Every structure is written in C-alpha cells, then in structure tokens.
Amino acid sequence: MENEDIECIAEEMKPAEITLDFPSVGATENIMLASVFVDGVTKIRNAAKEPEIEDLQNMLNKMGANIKGAGSSTIEITGVKHLENISYRVMPDRIEAGTLLCAVAANGRRYKTSKC
C-alpha cells in the first residue's frame, strides 16, 4: 500500500470460490475483472446484485468473456485467453442521478433538463 493506492502483484492467479462477507459492488466488480483471464472457474458467493454488476457482465461477455449469474448471489467466471475490443454504452449511473435529484430538492426550485 502506498498513499491511498493498493497494488497487488501475483505471478500466477488460480481459480477459487470466494465468499464475500457482505455483497459489495466494488469487490464483486474487481473479482470479476481479475478472474476473467484466470484459467479455470472462479465463483463469487454472496455477490452484489445491483444492475451495474449485470451491465459489467454483459459488457465483458460481449468482449468474449464467459460470465454467468450476475444479478444473483452467485457469479461464475470461466477464464478466457483474450477479450475483443468492442463499442459498448455503459448504463446510466443511478447514484449520480439520485445525487442530482437530492441537490434539486435541497435547493427548493424547479429545473428543466433534457437529460438526467
């Protein structure tokens, strides 16, 4: 760990069954990303179920990954050798939209916008 950065170095990564203490979006996403090239099957138990996890699975699968189960508490990642470059529209951020709505509500005014 250096400053606020955490760097992990592994000569070889192996498939595993990982059970999260609590369903964390960040932990689930990072395990999915780290496991996509691992030879074998990695399972995440007690995985986060948010729509962003499903969107990440959809994007990675479109790139050639083999991921199943996003949206449920168990996600299975079968490692692949490579991913393809793609064009993908990432879903809108629900947290950002909620923050903007709170800011408008706190202001007590009405605003008209073409996009949120």
Side-chain angles (χ1 to χ4, degrees):
M1 186 166 185
E2 186 175 318
N3 298 322
E4 293 183 12
D5 298 330
I6 299 173
E7 182 178 351
C8 299
I9 299 171
E11 290 184 24
E12 180 184 3
M13 291 183 58
K14 297 180 180 181
E17 287 198 21
I18 301 165
T19 301
L20 299 175
D21 291 337
F22 60 92
S24 162
V25 172
T28 301
E29 290 171 334
N30 278 293
I31 295 166
M32 289 170 70
L33 291 168
S35 302
V36 77
F37 293 124
V38 174
D39 187 27
V41 177
T42 298
K43 287 186 182 180
I44 308 170
R45 299 195 188 282
N46 201 26
K49 300 176 186 176
E50 279 75 4
E52 291 81 7
I53 301 297
E54 290 184 67
D55 197 47
L56 178 59
Q57 172 185 276
N58 293 340
M59 182 192 73
L60 289 170
N61 283 344
K62 186 174 180 183
M63 295 174 77
N66 185 356
I67 303 172
K68 298 177 182 126
S72 73
S73 61
T74 302
I75 299 174
E76 189 173 287
I77 305 108
T78 303
V80 296
K81 298 292 183 200
H82 69 279
L83 297 175
E84 300 293 328
N85 291 328
I86 62 165
S87 178
Y88 188 85
R89 184 177 175 100
V90 176
M91 67 177 286
D93 188 312
R94 298 174 303 129
I95 305 302
E96 183 178 347
T99 301
L100 291 172
L101 289 172
C102 288
V104 170
N107 191 315
R109 297 175 136 177
R110 292 181 182 212
Y111 290 91
K112 185 175 181 182
T113 181
S114 60
K115 286 188 175 182
C116 182

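Worth knowing before you read on, the calculation uses all heavy atoms, side chains too, and leaves out hydrogens, waters and symmetry mates. Count residues from 1 along the sequence. Computed from a prediction, not measured in an experiment: that's the story for all the values here.
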Report the C-alpha distance between S73 and K49 in whole Å, list the side-chain angles of each, state the deciding distance to 0.1 Å, and finish with yes or no for side chain to side chain contact (heavy atoms under 4.5 Å, CB included). CA-CA 6 Å; S73 61; K49 300 176 186 176; 3.8 Å; yes
Closest approach of P23 and A47, non-hydrogen atoms and distance? CB-O, 3.7 Å
Sole candidate of I77, D39, T42 that passes side chain to side chain contact (heavy atoms under 4.5 Å, CB included) when paired with P15: T42
Linked, directly or transitively: I44 and V41 (ILVMFWY side chains, under 4.5 Å): no
Is M59 reachable from V80 through a run of I, L, V, M, F, W or Y residues, each pair having side-chain heavy atoms under 4.5 Å apart? yes
Is there a path of hydrophobic side-chain contacts, each under 4.5 Å between heavy atoms of I, L, V, M, F, W or Y residues, that connects V36 with L33? yes
E52 versus E29: any side-chain heavy-atom pair under 4.5 Å? yes
When rounded to the nearest 0.5 Å, the distance separating CG of D55 from CD of E50 is 13.0 Å
Would you name the heavy atoms of F22 and N46 that are closest together and state the gap between them? CA-ND2, 3.5 Å
What one should report as the nearest heavy-atom pair of A27 and L20 is CB-CD2, 4.1 Å
What's the separation between atom NE2 in H82 and atom CD in E84, rounded to the nearest 0.5 Å? 4.0 Å
Does N61 use its side chain to pair, donor to acceptor, with the backbone of I67 at less than 3.5 Å? yes
Quick one: does any side-chain atom of K62 pair with a main-chain N or O of S87 as donor and acceptor, under 3.5 Å? yes
Does M91 share a hydrophobic cluster with M63, counting links as ILVMFWY side-chain heavy atoms below 4.5 Å and allowing steps through other members? no
To the nearest 0.5 Å, tell me how far N66 CG sits from S35 OG. 12.5 Å
Out of curiosity, does I6 fall in the hydrophobic cluster containing I31 (side-chain heavy atoms, cut-off under 4.5 Å, transitive links)? no
Distance from M32 atom CE to Q57 atom CD, nearest 0.5 Å? 5.5 Å
Minimal heavy-atom distance between L83 and G64, with the atoms involved, is CD2-C, 3.9 Å
L56 and T28, any side-chain heavy atoms less than 4.5 Å apart: no
Examine distances only and state if a side-chain atom of N30 and a backbone atom of G26 form a donor-acceptor pair shorter than 3.5 Å. yes
